[in-house]
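Comments concern the structure below.
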There are 2 protein chains.
Amino acid sequence: MTKNCNFIEKLREVGLRPTKQRVKMCEVLFNREKTFHFTINDLVKMISEKMSEKISLATVYNTVHAFEKKGYLKEISIDSHKSYFDTNISAHHHFFDEDTHELIDCDESDIDPVNIKKNITGKKIKSVEILIKVASDNQTQK
Amino acid sequence: MTKNCNFIEKLREVGLRPTKQRVKMCEVLFNREKTFHFTINDLVKMISEKMSEKISLATVYNTVHAFEKKGYLKEISIDSHKSYFDTNISAHHHFFDEDTHELIDCDESDIDPVNIKKNITGKKIKSVEILIKVASDNQTQK
DNA sequence: AACATACATTATAATAATTCTAAACTATTG
DNA sequence: CAATAGTTTAGAATTATTATAATGTATGTT
């Protein structure tokens, strides 16, 4: 697998040693065409399925957060009960399907740029995020 | 206090019995000019200060969620660690000050309406929320 | 290749936020 | 004012996350 070399490089860039747990994590996270949204729990399950050995929760938390800090993952907050992470780190917005609890990326072309006319004195805008909650018609709003 | 009568009515509308704990909660929540943002913890503290008797955490959680369900409060998700609630239940957006952890309402006039060109088949848009994170210039992005 | 060392992993304990439970209490209705 | 249906409460249970400390491992040096 030439892919693994990329992952090892990536880990090095981030300042993490390429251990087998971390390389496996990278495979799950970054070895895909499409953007990938997940919770820590999802991730632990997926890694466990892909690996004969066990991976500890703590390792997953630590490594995910290390990636987040360095900008390889983005956290998306939908409600107070769930942290979603996103492998698409460009500035973009989301749909959240309340029926399936699925997160869907918006393309840049899906939403016109937001025009903010107010600013807080002495403060800089760090990010602008739009979350569009959707549900099937018969569903009541949360 | 004529105000308390309103709160008793309000509680009745929501289908809750107007007990003294709940009336006190209403005073803290709704007896103000300006929008009010709070976490459950903030709220418990504020109520305790206003009341000689203790109020239990469980009661605050239950009542806040009852109000939320009925649309008298709105939950705002900033990060996975904190639930903020908002007494301003109209559709509106927020600034979040990463330095002070303060939530600030946007007026309707502060942000142009969002134009969404994509839609998810079979799904209806339930809400559109913009969160603008700000911090002082020397602060690094979270 | 073996070593030393710094960094990782792990299971488990600790913490924090929230929800559940069951017993005691209270507003409401008749 | 008594019966009852709904409330409050303290504390236990649960869940997500973080910290800890002992053990294990990747890495650069030799």
Side-chain angles (χ1 to χ4, degrees), chain A residues 4-5 7-28 38-45 47-48 50-70 73 75-85 101 142, chain B residues 4-5 7-28 37-48 50-70 73 75-85 101 142:
Chain A
N4 277 4
C5 299
F7 298 148
I8 290 170
E9 261 173 52
K10 189 164 207 160
L11 286 164
R12 286 245 164 76
E13 276 169 36
V14 171
L16 294 173
R17 282 189 186 163
T19 63
K20 57 174 174 304
Q21 286 88 346
R22 284 177 178 160
V23 171
K24 199 52 101 174
M25 270 189 69
C26 285
E27 281 178 33
V28 174
F38 62 95
T39 65
I40 298 278
N41 260 337
D42 296 340
L43 189 56
V44 171
K45 258 187 228 144
I47 296 170
S48 302
K50 279 211 164 193
M51 253 204 327
S52 45
E53 299 127 275
K54 247 196 94 178
I55 189 166
S56 121
L57 242 190
T59 303
V60 178
Y61 272 102
N62 294 339
T63 309
V64 163
H65 287 147
F67 276 133
E68 194 211 346
K69 208 187 223 166
K70 295 287 180 172
L73 290 174
E75 186 173 2
I76 295 144
S77 184
I78 274 82
D79 61 39
S80 41
H81 299 267
K82 255 183 180 162
S83 268
Y84 284 84
F85 290 88
H101 285 200
K142 201 223 132 158
Chain B
N4 276 4
C5 297
F7 298 148
I8 289 169
E9 262 173 50
K10 188 163 207 160
L11 285 164
R12 287 246 163 75
E13 275 171 36
V14 170
L16 294 174
R17 283 191 186 163
T19 63
K20 58 174 176 301
Q21 287 87 348
R22 285 177 177 160
V23 172
K24 199 52 103 173
M25 269 189 70
C26 284
E27 281 178 34
V28 174
H37 299 113
F38 63 94
T39 66
I40 298 278
N41 260 335
D42 297 340
L43 190 54
V44 172
K45 257 186 228 146
M46 299 179 78
I47 296 170
S48 301
K50 280 211 164 193
M51 253 203 326
S52 46
E53 298 128 275
K54 248 196 95 179
I55 189 167
S56 121
L57 243 189
T59 302
V60 178
Y61 272 103
N62 295 340
T63 309
V64 163
H65 287 146
F67 277 133
E68 194 211 346
K69 209 187 222 163
K70 296 286 181 170
L73 289 173
E75 186 173 2
I76 295 144
S77 183
I78 274 84
D79 61 40
S80 39
H81 299 267
K82 255 182 181 164
S83 271
Y84 284 83
F85 291 88
H101 285 201
K142 201 220 130 157

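Just so we're on the same page: letters track the sequence lines, and every chain starts at 1.
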Any side-chain N or O of A:T59 less than 4.0 Å from the OP1 or OP2 oxygen of C:dA8? no

Output one line per pair: protein atom, nucleotide atom from nucleotides 23-27 of chain D, and distance, for all N/O pairs under 3.5 Å.
residue : atom : partner : partner atom : Å
D:dT27  : OP1  : A:R12   : NH2          : 2.2

A:M51 CE to C:dT10 C1': how many Å, rounded? 12 Å

Is there a side-chain contact between B:N41 and B:K45 (heavy atoms, below 4.5 Å)? no

Minimum heavy-atom distance A:V64-A:L43, with the two atoms named: CG2-CD2, 3.5 Å

Shorter than 3.5 Å, N or O on both sides, protein versus nucleotides 14-20 of chain D: list them out with atom names.
residue : atom : partner : partner atom : Å
D:dT17  : OP2  : A:Y61   : OH           : 2.5
D:dT17  : O5'  : A:Y61   : OH           : 3.1
D:dT18  : OP2  : A:H65   : ND1          : 3.4

Measure the distance from CD1 on A:I55 to C1' on C:dA8 and round it to the nearest whole Å. 11 Å

Could you state the CD-C1' distance from B:Q21 to C:dA24, rounded to the nearest angstrom? 13 Å

Enter the inter-axis angle for the ends of the helix from C:dA1-D:dT30 to C:dG30-D:dC1 (five pairs per end, rounded to 10°). 30°

Set of side-chain hydrogen bond (donor to acceptor under 3.5 Å, both in side chains) partners for B:N62, sequence neighbours left out: none

Could you state the atom-to-atom distance from NZ of B:K54 to P of D:dA10 in whole Å? 5 Å

Under the side chain to side chain contact (heavy atoms under 4.5 Å, CB included) test, residues paired with A:S83 that sit two or more places apart: A:E75, A:F85, B:S80

Separation of B:I78 atom CD1 from C:dA17 atom P, in whole Å? 15 Å

Counting C-beta onward and ignoring hydrogens, is there a side-chain heavy-atom pair between B:I55 and B:M25 closer than 4.5 Å? yes

Pairs where residues 12-24 of chain B contributes a residue and the test side chain to side chain donor-acceptor pair (under 3.5 Å) is met, not counting sequence neighbours: B:E13-B:Y72

How close or far is atom P of C:dA8 from atom CD of A:E53, stated in whole angstroms? 18 Å

